[in-house]
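Keep in mind that this is a model prediction, so the values were computed, not measured. In this chain, numbering begins with 1 at the start of the sequence shown. What you see below is based on every heavy atom in this structure, not just the backbone, and it leaves out hydrogens, waters and symmetry mates.
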Amino acid sequence: MTASRVAALALLAALAAAPQASAQGGFGMPDPSEQQAPAVPPPMMPKQFPLGVTFEATTLNGRAFEGERPALTLDETLRLRGFSGCNNYSATAYPLRDQGFAVGPFALTRRECDNSTMQKERTFLEALRAAQTWDTEGPRLTIKGPRGELVLERAL
């Protein structure tokens, strides 16, 4: 090899290493003039409505449900199903942005129960149908609307 070729290869090697060295502050050392940006936490993910989980009603407007408690499950096809105190029901329900909630009309079985059970069922279904927002905290699901606050707990 001629001296000019060796010099050219040495020059090319030096040029190839130059961007790497300058990015590290020269000779592999960090550049003290470059400051590390503080780590920014990722944005909080919005809560997801718990699909496929059965919840039992514990209270409506602070009053406990006694006896056999109403229940609900929202499946992956957005079909809300459950027991309302006397009858079984189903409806279409939509978890919306910002933890909104919309429930369509109910389809109910036609079983008759005593008056107090029917009244409990009616208030549960009215509160569920008028629901506007939802929130979860641990095993608890809270659904709120103009007909009140419905608190449910994850069923075992």
Side-chain angles (χ1 to χ4, degrees), residues 16-17 19-156:
Q20 182 180 7
S22 67
Q24 295 177 347
F27 302 107
M29 300 298 292
D31 185 359
S33 65
E34 291 182 22
Q35 292 184 350
Q36 292 280 26
V40 177
M44 288 185 57
M45 296 298 292
K47 287 186 178 181
Q48 298 293 316
F49 193 92
L51 299 177
V53 178
T54 300
F55 290 90
E56 289 184 349
T58 56
T59 62
L60 175 60
N61 296 327
R63 296 181 64 192
F65 282 97
E66 308 223 353
E68 199 166 6
R69 298 188 302 184
L72 66 83
T73 304
L74 183 62
D75 67 22
E76 289 77 18
T77 64
L78 302 181
R79 196 75 189 156
L80 184 66
R81 302 173 199 277
F83 174 71
S84 54
C86 180
N87 290 285
N88 292 320
Y89 68 91
S90 67
T92 302
Y94 300 99
L96 305 170
R97 292 171 72 168
D98 299 323
Q99 293 178 250
F101 198 59
V103 178
F106 291 108
L108 287 166
T109 57
R110 296 184 179 267
R111 191 170 158 213
E112 277 294 318
C113 295
D114 63 84
N115 284 340
S116 68
T117 301
M118 294 303 290
Q119 180 60 31
K120 176 177 71 171
E121 176 178 81
R122 192 172 12 266
T123 57
F124 169 77
L125 291 173
E126 286 174 354
L128 193 54
R129 177 75 169 97
Q132 294 176 337
T133 63
W134 65 272
D135 194 16
T136 56
E137 187 175 317
R140 179 173 290 153
L141 170 66
T142 304
I143 297 175
K144 295 180 183 178
R147 297 288 180 135
E149 179 179 277
L150 184 58
V151 178
L152 303 107
E153 299 252 340
R154 187 179 300 249
L156 298 177

Original post:
Which residue pairs satisfy the disulfide bond (SG atoms under 2.5 Å apart) criterion with at least one member in residues 80-151, sequence neighbours excluded?
Top reply: Cys86-Cys113
Original post:
Distance only, no hydrogens: is a donor on one side chain within 3.5 Å (strictly under) of an acceptor on the other, for Asn61 and Glu149?
Top reply: no
Subject >> Euclidean distance, Asp135 CG relative to Leu141 CG, rounded to 0.5 Å >> reply: 8.5 Å
Original post:
With no hydrogens and no angle check, is any side-chain donor or acceptor of Thr142 less than 3.5 Å from a backbone partner on Val151?
Top reply: no
Subject >> Heavy-atom check, side chain of Arg140 versus side chain of Thr136, under 4.5 Å >> reply: no
**OP:** Sorted by first residue and then second, give each salt bridge (Lys or Arg N to Asp or Glu O under 4.0 Å) pair with at least one member in residues 108-126; sequence neighbours left out.
**Re:** Glu126-Arg147
Original post:
Are the side chains of Leu152 and Pro70 in touch, meaning some heavy atoms are under 4.5 Å apart?
Top reply: no
Original post:
Can you list every pair that meets ring-ring contact (aromatic ring centres under 6.0 Å, His included) and has a residue in residues 47-83, with sequence neighbours left out?
Top reply: Phe49-Phe101, Phe49-Trp134
Original post:
Can you list every pair that meets ring-ring contact (aromatic ring centres under 6.0 Å, His included) and has a residue in residues 137-156, with sequence neighbours left out?
Top reply: none
Original post:
When rounded to the nearest 0.5 angstrom, what distance separates OG1 in Thr123 from CG in Leu60?
Top reply: 5.5 Å
Subject >> Closest approach of Gly104 to Ala91 (non-hydrogen atoms, all atoms of both residues) >> reply: O-CB, 3.7 Å
Original post:
About how many Å separate CG of Leu156 and OG1 of Thr54, when rounded to the nearest 0.5 Å?
Top reply: 10.5 Å
Subject >> Listed once per pair and sorted, the salt bridge (Lys or Arg N to Asp or Glu O under 4.0 Å) pairs that draw on residues 77-86, sequence neighbours left out >> reply: Asp75-Arg81
Original post:
Atom OG1 of Thr133 and atom CG of Asp98: how far apart are they, to the nearest 0.5 Å?
Top reply: 11.0 Å
Original post:
Would you say Thr92 and Pro105 make side-chain contact, with heavy atoms under 4.5 Å?
Top reply: no
Subject >> Test log, rule side-chain contact (heavy atoms from CB on, under 4.5 Å), inputs Leu128 and Phe106 >> reply: CA-CA 10 Å; Leu128 193 54; Phe106 291 108; 4.0 Å; yes
**OP:** Please answer whether the main-chain N or O of Asn88 pairs with a side-chain N or O of Thr109 as donor and acceptor at a distance below 3.5 Å.
**Re:** yes
**OP:** To the nearest 0.5 Å, tell me how far Leu80 CG sits from Leu72 CG.
**Re:** 5.5 Å
Original post:
Do you know the tightest heavy-atom contact between Pro95 and Leu78?
Top reply: CD-CD2, 3.9 Å
Original post:
CD/Gln48 to CD/Gln99 distance, rounded to the nearest 0.5 angstrom?
Top reply: 9.5 Å
Original post:
What's the shortest heavy-atom distance between Tyr89 and Ala71, and which atoms?
Top reply: OH-O, 2.7 Å
**OP:** Would you mind listing every salt bridge (Lys or Arg N to Asp or Glu O under 4.0 Å) that reaches into residues 61-70, with sequence neighbours excluded?
**Re:** Glu56-Arg69
